[in-house]
2 protein chains.
Amino acid sequence: MTDDGPRPVKTTKTSLAIVRAVRDGHGATLSDVAGRLDLAKSTVHNHLHTLVDEGFLVRDGDTYHVGLQFLPFSEHARNRNPLYSTARKRVYSLAEKTGNEADFIVEENGRAYTLEYAIGESTARGFSGSSPFRAGNRFYMHNCASGKAMLASLSDERVRAILDRWGLPATTDHTITDESALFDELETIRQRGYATNEEELIDGYRSVGAAVTGPDDDVVGAFSVGGPAYRMAVDESSTREIAQVLLDEIDSLESELPN
Amino acid sequence: MTDDGPRPVKTTKTSLAIVRAVRDGHGATLSDVAGRLDLAKSTVHNHLHTLVDEGFLVRDGDTYHVGLQFLPFSEHARNRNPLYSTARKRVYSLAEKTGNEADFIVEENGRAYTLEYAIGESTARGFSGSSPFRAGNRFYMHNCASGKAMLASLSDERVRAILDRWGLPATTDHTITDESALFDELETIRQRGYATNEEELIDGYRSVGAAVTGPDDDVVGAFSVGGPAYRMAVDESSTREIAQVLLDEIDSLESELPN
DNA sequence: GGAATCGTTCACATATTCCGAACGTTTATA
DNA sequence: TATAAACGTTCGGAATATGTGAACGATTCC
């Protein structure tokens with residue numbers, strides 16, 4: 001049997017799975033990890049010690065936690081995006097103007113990453129203890145407003161590649177799980193210039209999103225404004241109102257970009 | 001020959017070294033990495049593809065970059081610190097009050113990590129394109145003001161453990177490289193309540209730092225305020241002035257902490 | 001006081017990583 | 001235009017580093 005293409009490095013995948021298990025469990029012991037991943041304790045033992053040695057995990061008694069060594073890498077990645085510092089301020093501005101939650105998201109490898117997040121009234125910019133929207137979170141493209149806005153600005157070819165890679169997993173009853181339905185939706189988004197999310201990601205959460213395009217009409221990211229359904233009125237005029245605030249902010253941002 | 005203790009997982013170390021090489025080179029090609037780490041191209045090839053698949057690297061043509069997949073982990077780690085959201089605001093406040101650079105640092109595994117950073121006049125909170133002090137950076141404890149402030153609040157035993165692990169590498173001519181000299185310095189810091197950094201980290205950079213202690217007198221982090229030597233006057237009275245701003249801010253913060 | 005659980009150590013077997021040579025393309029050079 | 005060098009990629013083979021499971025001491029829980 002001949003190999004096709006590059007052979008995945010299993011040991012690395014194991015180490016990463018261990019870190020993921022520690023994160024998802026909000027801390028975990030050796031036995032927790034071994035049990036969850038079905039690995040021998042001795043195996044996990046070696047991995048854990050290696051990861052601690054490298055700083056990617058920290059040991060506190062017998063529980064392990066995600067280490068701060070991820071920071072130098074994540075900040076490097078974040079700052080590599082030329083829009084990041086500008087977009088940050090826009091997120092704060094959007095949150096204040098609308099009194100809702102606002103975030104800036106970019107696409108990488110077919111997934112959406114929140115680079116910055118803010119709540120309107122809150123003084124804790126960029127931070128929210130347990131919000132699913134805090135900075136650093138990763139989403140699918142098809143079930144959030146900014147994700148759909150970005151998809152709408154990509155070529156059908158790239159959209160299809162993304163769908164092939166990640167599928168259309170449902171997170172609520174309203175998630176679009178049908179490919180042709182999604183393409184219809186993307187067409188609508190293109191026509192009206194912004195995307196909406198009607199509880200497709202989380203029950204009770206609505207949002208409006210719009211993409212930022214660079215000088216060559218390439219998508220560089222997307223902003224969205226959202227909040228609980230009871231606060232974000234469903235009627236078309238208030239949605240359009242929010243969308244207008246978004247689009248104005250983006251226009252202002254795009255005019256600042258080098259071209 | 002019998003093993004002593006846990007055996008490091010070499011494959012994982014290799015993967016991490018590759019990611020580090022990519023970051024340090026601000027992007028790198030397969031050959032770059034293979035050359036720098038002295039590994040076979042085919043080996044690097046497999047690692048790169050695995051890391052891309054996991055999202056920790058991104059491929060752009062033939063150059064690889066650090067991926068945003070580090071973000072969900074770093075933010076998790078950062079938010080795990082109960083002081084983070086409060087400390088953020090204090091950093092902004094300190095930067096504004098002093099008109100200098102301010103940051104909040106915590107210790108992990110004997111190293112100091114910048115959790116938040118701000119420049120006084122700048123509107124770009126927490127961000128600085130190329131500053132060595134931006135959020136996410138990692139320092140040694142012995143050659144920065146906040147690091148020394150934290151060391152001064154730790155037991156001699158722990159200090160010695162940290163020194164054993166990381167040594168006293170010099171980054172300028174003024175870096176303290178002698179162990180007993182450092183312990184003398186720590187004693188001074190304890191007596192006056194704050195630490196200084198007289199171009200011990202970077203030539204031309206001076207700073208003042210003080211530690212934050214929790215209810216049980218355990219160190220939870222440290223703030224520092226600093227700037228170029230031409231702006232941060234060397235005389236004792238202006239240093240004390242800045243130290244007072246720092247200590248007041250910390251007092252105010254500590255009074256907010258649960259006890 | 002006993003049993004169960006924890007993390008740790010170790011010898012062993014084999015699966016996995018690593019290497020190096022060869023390939024097809026592209027880029028640079030003569 | 002022809003030739004050479006460099007790139008990423010593929011693949012067979014060899015060695016080694018990983019994964020396993022059993023045994024250990026310590027701690028915790030019945």
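Remember, it's a predicted structure, so these values are computed and weren't measured experimentally. So you know, we letter chains A, B, ... as the sequences are listed, proteins then strands, and number each from 1.
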- Distance-only side-chain donor-acceptor flag, Thr114(B) / Asn137(B), under 3.5 Å: no
- Query: Which is true for Ser42(B) with a 4.0 Å heavy-atom rule: it touches a base, it touches only sugar-phosphate, or it touches nothing?
  - Reply: base
- Task: Round to a whole Å and report the spacing from CG of Leu48(A) to C1' of dG19(D).
- Result: 14 Å
- Query: With the threshold set at 4.0 Å, does a side-chain nitrogen-carboxylate oxygen contact exist between Asp156(B) and Arg190(B)?
  - Reply: yes
- Query: Within this structure, what is the CG-to-C1' distance between Leu37(B) and dT17(C), rounded to whole angstrom?
  - Reply: 16 Å
- Message: More than 12 heavy atoms of other residues, nucleotides or ligands under 6.0 Å from CD of Glu157(B): yes or no?
- Response: no
- Task: Indicate whether OP1 or OP2 belonging to dT16(C) is found under 4.0 Å from a side-chain N or O atom of Thr11(A).
- Result: no
- Under 4.0 Å between any heavy atoms, over every strand shown, what does Thr43(A) touch: base, sugar-phosphate, or nothing? Just pick one. base
- Item | Rounded interatomic separation in angstrom, taking CG from Leu39(B) and P from dC19(C) | 5 Å
- Could you tell me the separation between the CD1 atom of Ile18(A) and the P atom of dT18(D), rounded to a whole number of Å? 12 Å
- Among dG21(D), dG7(C), dG8(D), which is the nearest nucleotide to the side chain of Asp62(B)? dG8(D)
- Message: Between Arg78(A) and Glu75(B), does any side-chain N to carboxylate O distance fall below 4.0 Å?
- Response: yes
- Task: Test Thr50(B) against Ser15(B) for side chain to side chain contact (heavy atoms under 4.5 Å, CB included), laying out the working first.
- Result: CA-CA 9 Å; Thr50(B) 305; Ser15(B) 274; over 6 Å; no
- Message: For a quick test of reading the model: is some side-chain N or O of His49(A) closer than 4.0 Å to OP1 or OP2 of dG7(C)?
- Response: no
- Query: Heavy atom of residues 25-35 of chain A under 4.0 Å from DNA chain C: which residues?
  - Reply: Thr29(A), Leu30(A), Ser31(A)
- 5'-most contact on DNA chain D: Lys41(A) or Thr14(A), nearest heavy atom basis? Thr14(A)
- Query: Would you call Asp53(B) and Arg165(A) a salt bridge, taking side-chain N to carboxylate O under 4.0 Å as the test?
  - Reply: yes
- Message: With a 4.0 Å cut-off on N to O distance, would you call Arg90(B) and Glu116(B) a salt bridge?
- Response: no
- Item | Whichever of Val9(A) and Arg59(A) has its nearest DNA chain C nucleotide further upstream toward 5' | Arg59(A)
- Any donor-acceptor N/O pair under 3.5 Å between dG19(D) base and Arg7(B) side chain: yes
- Item | His45(B) vs dG8(D): side-chain N/O to OP1/OP2 distance below 4.0 Å | no
- Starting at NE2 of His47(A) and ending at C1' of dG7(C), how long is that distance when rounded to a whole Å? 16 Å
- Message: What is the separation between atom CG on Asn46(A) and atom C1' on dA11(C), rounded to the nearest whole Å?
- Response: 14 Å
- Atom pair distance, as rounded to whole Å: NZ in Lys10(B) and P in dC19(C): 11 Å
- Item | Atom-to-atom span, CG of Leu51(A) to P of dT18(D) - whole angstrom | 12 Å
